[in-house]
Amino acid sequence: MAGEDPKELLFLCALQNAVRHGGVPQAGAVIGMVMGAHPELRSRAKEVSALAKEAIADVAALSPEARVTTLQERAPGMFAALSEKHEHKKVLPDLEGSQNGVVMRFAPNPSGPLHIGHARAAALNDAYVKQCGGRYILRIEDTDPKRVDPEAYETVKEDIRWLGLGITDIVTQSERLPIYYDLCRQLIERDGAYVCTCDNEHFKELKQAKTACPCRDQPVEKNLELWQKMLDHGFHEGEVSVRIKTDLDNPDPAMRDFPAFRILDAPPHPKVKAHVYPLMNFSVVADDHLLGVTHVIRGKDHIANTRRQRYIYDHMGWKIPVYRHYGRMGIEGVVLSTSQMRLGINEGTYTGWDDIHLGTLRALARRGISPEAVKNAMLAIGIGDTDISFSWDNLYAENRKIVDPTANRYFFVPDPVEVKIEGAPDHTAHALLHPGDAARGSRIMEFTGQVLLPKGELVPGTSMVRLKDLFNVKIAWDGGIPLFSYGGESLADARAAKAHIIQWLPAQATVPCTLLTQEGEMKGACEPAVKSELGKVVQFERVGFVKIDAVDASGVKAYFTHK
Ligand code: GLU
């Protein structure tokens, strides 16, 4: 959104709303959206409300055409968001209360790069914001210094840029500690929380027995005093916590008076000097409320947290967002645990966060999976609450739709052997760069007698192979030694002999190529023109799509993407 001037914000919001819905919006909808994204304006509600009326009048004065061009000029991002709406239109089911736009958030912990598991929340929330219009907040949840990797602040943002999320606001929780402290005081004043100095084990026993601990009935003044003492370094780690008053009879012991704040003496936080930290349930509620989050889409593993969080909303008298909890998603075949990844990198088992054995987004990128494919695969999985296992094949199918039309085709000969073909005339092969797009041109390969062939195709007993885009080759076996000779150009002969159509390279024009797969590496050779495809996905014919990762004097290094 251009600028931070409230009048401008209100005008653009009203304008976008008018272009989307074809009429002039209600003041409430516009104010709600602007305040949601800019909570600092809440204290100026009167002024904002007056400005909203002016902004709406300004929009009403414009013709429908002028509204479109004004939005296009003054807020191209907001204009683009309107057409993106159609892109995913029917993909996701409607969310209640989303008619006037939504404010949603993606809230990762900065403990390492994002992985495929994060991509579901990231993509679903993103798609809803695009579908309904509104704001998409990236909230970095870094209030547990034990789980913060200082580098992850940047890596998470890079991963989000790669995914292409329509983030409109970025919020870092460690910068908001005073806000949480102030809300905690308010919650204590409302008698919704108390400062508990019980020994942890003792508290657990009482909790199991549905019995209140002695601190629970302290007067508010005493709680406020103890809270101040916490902030003033009057306690050490483990001696005290702030607990939310819930229902001690709740059948689930985990709901009973759960903690909201604690003290950590160590480790130091990389961004702020602090010792009193909110626990996730508190900071999540505080920010969902203050940032005006209307809808929360997260995994079923958060259902218990949602139940806990409701207690805080109730104590504070706040409106609860709309929640959706999607089912669990088992992901096999890659490492996802941050600690396991870090350990493996430190021990040299993995080359880095983008090692292709890992499930990080950067590993997928390295293998040639496009961000659109990741998002589309996640939207196809959707928000259903059934537990599923993630299908790599579906992700690959989405990726294939994207790379197949663009990837140039080349020959790669795995485990090559150089052979001489007797009796063949010199020949120039023209192989299309793309079979569906002749206009892209051809690769020209000069056959002058010697070729590289894949060893795996030369199984004893094979009598004929067809070199793709060239001609047939007869093979005679002399005591286990193959002898190669020209077999003519007839495709019918090749078919009759059930000849495999194989890749080949003119021996005089090849480049060494190492193809890395999750199972191991394959040494081979490829066409020299592959060197010009650095960073791109190409198809090695009959092998699969590969991403050209590195090119140097020693040759080409490529990662296998998928068939
Ligand atoms: N930071 C939390 C997590 O990554 C998300 C919190 C939430 O969705 O409410 O699990």
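Note that ligands are numbered from 1 as they come in the structure, with each ligand's atoms numbered from 1 the same way. Numbering starts at 1 and runs along the sequence shown.
When the heavy-atom distances from atom 1 (N) of ligand 1 to Arg139, Gln309, Glu141 are ranked, the shortest goes to Glu141.
A salt bridge links Arg135 and Asp169; the closest N-O separation between the charged side-chain nitrogens and carboxylate oxygens is under 4.0 Å. Using a cut-off of 4.0 Å between Lys/Arg side-chain N and Asp/Glu carboxylate O, Asp288 and Arg105 are scored as salt-bridged.
Counting heavy atoms closer than 4.0 Å to ligand 1, residue Arg147 contributes nothing at all.
Figure legend: Arg243 and Trp227 shown without cation-pi pairing, the cationic atom not lying both under 6.0 angstrom from the six-membered ring centre and within 45 degrees of its axis.
Atom 7 (C) of ligand 1 has Arg105 NH1, 3.2 Å as its closest protein atom, hydrogens excluded (heavy atom only). With hydrogens left out, the protein atom closest to atom 10 (O) of ligand 1 is His302 NE2, 3.1 Å, a heavy atom. If you check which protein heavy atom lies closest to atom 9 (O) of ligand 1, you get Arg298 NH1, 2.4 Å.
Considering both main-chain and side-chain atoms, Ala107 comes within under 3.5 Å of ligand 1 through a nitrogen or oxygen pair.
With 3.5 Å as the limit, one finds a donor-acceptor pair spanning the side chains of Asn250 and Tyr311.
The distance between the ring centers of Phe261 and Phe282 falls below 6.0 angstrom.
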